[in-house]
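We number each residue from 1, following the sequence as shown. Basis for what follows: all heavy atoms, side chains included, without hydrogens, waters or symmetry-related copies.
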Amino acid sequence: MSLAPPFKKRWAYAISALIAACAAPTHAQTQPGSGAASPRAEDPDAPVTIRAEEISGRPERELILTRDVEVVQDKMRVTADNACYRQVESELEAKGNVRLWRFGDYYTADEFKINSETGVGYMLQPTYKLELNNAQGKAQRIDFLSEDRAKVVNGTYSTCEGPNPDWYVRSNTLTLDQGRDVGVAGPTIVYFKDTPLIGTPGISFSLSGARRSGWLPAVPGFSSRGGAELTVPYYFNIAPNRDLTVSPHYIARRGLQLGAVGRYIGETDAGTYEGRTFLEYLPNDKEKGIDRWQIQSSHTQALARDWTYGWNVRAASDENYPTDFSKTVAGSAERQLLKELRTDYRGEIWSLTARVQKYQVLQDPDTTTVTPRPYDRLPAVNFHAGQYDVGGFDWSFDAEATRFHYATDTICPGANIGGTTCVTDAKINGDRIVMQPQVSFPIISPSYFITPKLMLNATAYQLDKFGAEESRSVTKAIPTFSLDSGLEFERSTTLFGRAVTQTLEPRLFYVYTPYRDQSDIPVFDTADATFNFTQLFSENRFVGSDRIGDANQVTAAVVSRFLEESGAERLRLAFGQRFYFNDQRVQLTNAQPVSTGRSDLLLAATGRISDTWGVDSAVQYNQGDKQITSSNLNVQYQPGQRKVFNAGYRFLRNSFKNVDFSTQWPISNRWFGVGRMSYSLQDHRILESLIGLEYNCDCWVFRMGAQRFVTTTNKTSTQVFFQLELNGLSKFGIGNPLEVLKNSIPGYQQLNAGYRR
């Protein structure tokens with residue numbers, strides 16, 4: 001029989017909130033796509049259908065439902081042995097084998113009672129299983145105190161299947177307030193293998209998953225540089241678009257460090273803005289006896305339409321800060337810290353940028369090698385304008401005005417190894433204006449292209465007095481002509497048994513730039529360009545505007561691609577070389593002209609040559625002395641899920657020769673080995689090593705291992721980690737192995753990839 005809607009279903013929301021009750025205290029995880037699930041909407045006016053083997057009573061007042069009772073309304077279905085529906089009181093009572101299905105979630109209870117008008121009722125011995133993340137649990141009792149409030153007694157939560165889950169969370173009492181969007185729990189304990197793992201005397205959290213202020217899980221750690229460590233972060237939910245995390249960090253060998261990360265994002269009438277600031281401060285380091293700190297801050301904001309400004313600030317208290325506190329190889333190697341304030345304005349065909357840049361350089365105290373200090377730009381203004389296909393022509397105009405300032409430094413290289421002398425580092429300061437107009441006329445067809453281009457490099461300097469040298473002005477104007485051309489052929493063929501289209505693309509690139517003496521011009525921001533395939537087709541062999549290389553040269557190159565029917569590139573082969581018709585007279589310093597008829601030969605091969613093998617390689621070969629100048633080779637073998645092996649080789653003559661191996665590989669059905677080793681063949685030294693094990697038990701993952709990497713020339717840092725991750729709940733342990741593995745092993749796949757923080 002069908003009746004008008006008899007009751008609201010706030011009680012079902014209260015049962016579903018069990019997942020938030022147990023997971024929120026330790027930052028629950030979600031599965032990919034969970035946030036994009038279809039809305040769980042119900043029709044509140046949908047009729048109710050009641051079935052039973054025997055129905056008695058008075059329909060206008062009370063219905064007694066006996067045996068195989070079923071109540072259905074829209075997306076909800078309830079079954080029980082017996083039930084009673086009182087229409088006047090708007091009350092439903094069910095007893096014996098109560099079952100509830102709602103949006104794929106499943107609940108059971110011994111007895112269930114609810115009043116739809118007051119929201120008051122109860123459920124005895126309820127259990128639940130949620131479709132969203134396969135979570136399950138049970139409780140002793142749920143009391144519905146009102147339409148918005150419910151109290152759960154002895155509730156549990158777990159994502160492990162079966163009657164005896166490997167881990168679960170138990171909360172003695174849990175009060176859920178839908179109206180205030182808050183849950184308050186009494187003593188809460190996480191159990192693993194029926195052993196208490198961690199607990200809290202009380203917690204509060206958002207039922208909807210909205211951010212709330214509170215303590216985050218503690219993060220213990222251990223490293224050779226700091227010893228035992230413990231971080232206890234506290235999260236401040238300042239506003240929906242602003243938050244702050246303060247992290248007291250105790251380091252056994254150094255003291256108490258305070259860290260903070262503030263984030264914000266928003267929108268004004270002019271547009272959006274966002275920013276992030278990270279700060280660490282350690283008063284009176286026990287090892288160094290000084291205050292230690294670092295700051296990283298970034299901000300971007302729209303001031304008006306097409307007009308933005310922002311800053312990027314990085315600074316540290318001392319030169320040893322990256323060595324002592326970095327947790328990664330990249331962090332320990334970062335020693336040029338930039339402070340920048342900039343603004344950008346864009347028009348339809350032009351843009352204008354103004355910025356101020358200043359550098360802090362941290363010298364490595366364990367080596368006599370000096371880290372170069374870039375010039376500060378105080379300020380730099382850049383203008384760019386350009387259009388394509390204006391009567392068949394492409395044109396652009398670039399201009400720059402910069403004040404270069406070099407702060408005089410006293411540098412003491414090798415301070416920690418003794419025997420070195422401090423020196424004063426000073427360089428000439430000055431102003432520079434650069435203008436670079438250019439115009440080209442591309443001629444393009446499906447099988448060939450020809451692009452002649454003409455450009456002018458005009459530069460004016462006003463140099464300050466430096467030592468005995470008086471202030472002076474210098475100008476230069478150097479034209480450049482280039483002609484780029486290429487052909488494209490293609491044919492059908494096979495690659496490793498797969499039908500593909502092979503292209504053959506020969507290319508010639510000619511450049512002529514007359515010689516102009518530039519030896520009287522200082523080098524503010526210019527360096528030799530890295531010799532690679534991109535630079536082969538550049539008009540200038542220098543990066544920067546202080547040197548315009550004389551050129552009468554042609555580049556010859558051939559590229560062959562193997563393309564699948566979908567257009568995906570399976571393999572690319574390339575080689576190229578530059579041929580010089582004149583000596584290269586312009587150099588960064590007053591060095592002798594370079595007399596050579598040709599450049600080194602470049603060869604490259606890259607692609608995913610099969611479903612399991614990938615390769616990326618490049619070789620720079622000097623035909624004159626028949627030696628390899630530089631080379632790199634990276635091979636990846638990935639035959640399946642969570643199976644990857646990487647091997648790499650990098651070589652630069654008179655600089656380094658390194659090999660690198662990394663892997664994630666199954667040892668058994670559930671055990672996986674992970675590792676990496678980066679070794680210097682030139683110095684006979686391990687640069688980075690990592691070894692670890694992972695165990696996947698479906699609803700939890702265990703990781704353990706250690707990492708060691710070079711921080712300075714004579715120092716290394718070692719950190720150990722072990723971690724128990726309970727899927728759908730949180731991670732417990734020492735260190736952050738998941739971040740280490742992702743950064744160290746290309747192609748690494750998380751064992752429980754269905755969950756993310």
Chi angles and distances behind the salt bridge (charged side-chain N to carboxylate O under 4.0 Å, His left out) call for K193, D166: CA-CA 5 Å; K193 298 292 186 179; D166 285 352; 3.3 Å; yes
Please state whether the rings of Y128 and Y107 are parallel, tilted or perpendicular, taking 30° and 60° as the class boundaries. tilted
Check each of V740, N646, L738 against Y748 using the side-chain contact (heavy atoms from CB on, under 4.5 Å) test, and report the only one that passes. L738
Side chains of R61 and Q87 in contact at under 4.5 Å (non-hydrogen atoms): no
Residues T200 and T188: side-chain donor-acceptor under 3.5 angstrom: no
Residue that, paired with Y273, satisfies side-chain contact (heavy atoms from CB on, under 4.5 Å) out of T300, I265, N241: N241
Is a side-chain donor-acceptor pair under 3.5 Å present for E111 with Y122? yes
Say you draw a straight line from CD1 of I251 to CD of Q257; how long is it, rounded to the nearest 0.5 Å? 4.5 Å
Tell me whether T66 contacts the main-chain N or O of N82 through its side chain, where contact means a donor paired with an acceptor under 3.5 Å. no
Is it true that N727 and E725 share a donor-acceptor pair across their side chains at a distance under 3.5 Å? no
Quick one: which residue pairs count as a salt bridge (Lys or Arg N to Asp or Glu O under 4.0 Å) with a foot in residues 744-753, not counting sequence neighbours? none
Consider ring pair (Phe, Tyr, Trp, His ring centres under 6.0 Å). Of F192, Y191, W700, which one does Y168 pass it with? Y191
Establish, for the pair R254 and F325, whether the NZ or CZ atom is under 6.0 angstrom from the six-membered ring centre and no further than 45 degrees off its axis. yes
Among D68, L65, V69, which one satisfies side-chain contact (heavy atoms from CB on, under 4.5 Å) with E53? D68
Which residue pairs satisfy the ring-ring contact (aromatic ring centres under 6.0 Å, His included) criterion with at least one member in residues 54-84, sequence neighbours excluded? none
So, Q136 side chain and G162 main chain: donor-acceptor pair closer than 3.5 Å or not? yes
Would you check if F278 and Q294 make a side-chain contact, meaning some heavy-atom pair closer than 4.5 Å? yes
Could you check whether any side-chain heavy atom of T277 comes within less than 4.5 Å of a side-chain heavy atom of V313, counting everything from C-beta outward? no
Show your reasoning for whether side chain to side chain contact (heavy atoms under 4.5 Å, CB included) applies to L63 and I55. CA-CA 7 Å; L63 291 177; I55 301 178; 4.1 Å; yes
Heavy-atom nearest pair, A706 first then V720, reads CB-CG1, 3.9 Å
Tested for salt bridge (charged side-chain N to carboxylate O under 4.0 Å, His left out) against E694, the lone hit among R670, R703, R642 is R703
Just say parallel, tilted or perpendicular for the rings of F112 and F144, cut-offs at 30° and 60°. perpendicular
Just by distance, do the side chain of R676 and the backbone of S744 share a donor-acceptor pair under 3.5 Å? yes
C160 side chain reached by W167 side chain, heavy atoms, under 4.5 Å: yes
Output yes when K95 and D110 qualify as a salt bridge under the 4.0 Å nitrogen-oxygen rule, no when they do not. no
Should we count CZ of R253 as having more than 12 external heavy atoms under 6.0 Å? yes
For the residue pair D324 and R292, establish whether any side-chain heavy-atom pair is separated by less than 4.5 Å. yes
Presence of salt bridge, R263 and D243, under 4.0 angstrom: yes
Is it the case that the ring center of Y321 lies less than 6.0 angstrom away from the ring center of W293? no
Looking at every non-hydrogen atom in both residues, tell me the closest pair between V153 and A139 and how far apart they are. O-CB, 3.7 Å
Is the W215 ring parallel, tilted or perpendicular to the Y234 ring (thresholds 30°, 60°)? perpendicular
